[in-house]
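Computed from a prediction, not measured in an experiment: that's the story for all the values here.
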Amino acid sequence: MGTFIVLAIVILGAGLAGRAMWKDHKAGKHCAGCPGNCGSGCHCHDHHTA
C-alpha cells in the first residue's frame, strides 16, 4: 500500500512539473534554466527569430 502512495506522489510531481514547463513554453519562456551567456553552450534560445 505504501508503494502505491509513493508512486502516486511521484506521478503527481512529474505531472505538475510537465504542466509548468508546458505553460512556460506556451508563454514564450523556452528555457527557464538558461544563464543568458551564449558562449556557455546554452542551446535554449528561440531559433525562430534569427
Side-chain angles (χ1 to χ4, degrees):
M1 180 69 177
T3 303
F4 294 114
I5 293 171
V6 171
L7 183 62
I9 291 171
V10 169
I11 290 172
L12 179 66
L16 290 174
R19 180 176 176 254
M21 289 190 322
W22 178 252
K23 288 180 80 173
D24 283 348
H25 176 76
K26 299 245 336 159
K29 301 175 188 173
H30 294 284
C31 184
C34 184
N37 182 3
C38 293
S40 69
C42 179
H43 300 287
C44 56
H45 299 287
D46 191 5
H47 297 290
H48 298 291
T49 61

Participant: Test question: given the 4.5 Å side-chain rule for I, L, V, M, F, W and Y, name all other residues clustered with F4, or answer none.
Facilitator: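 The other cluster members (ILVMFWY side chains, heavy atoms under 4.5 Å, direct or chained): none.
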
Participant: Under the 4.5 Å side-chain heavy-atom rule for ILVMFWY, direct or indirect, which residues accompany M21?
Facilitator: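 Taking Ile, Leu, Val, Met, Phe, Trp and Tyr as members, M21 stands alone, with no cluster partners.
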
Participant: Tracing side-chain links under 4.5 Å among I, L, V, M, F, W and Y, which residues wind up in one group with L7?
Facilitator: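 ILVMFWY cluster around L7 also holds I11.
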
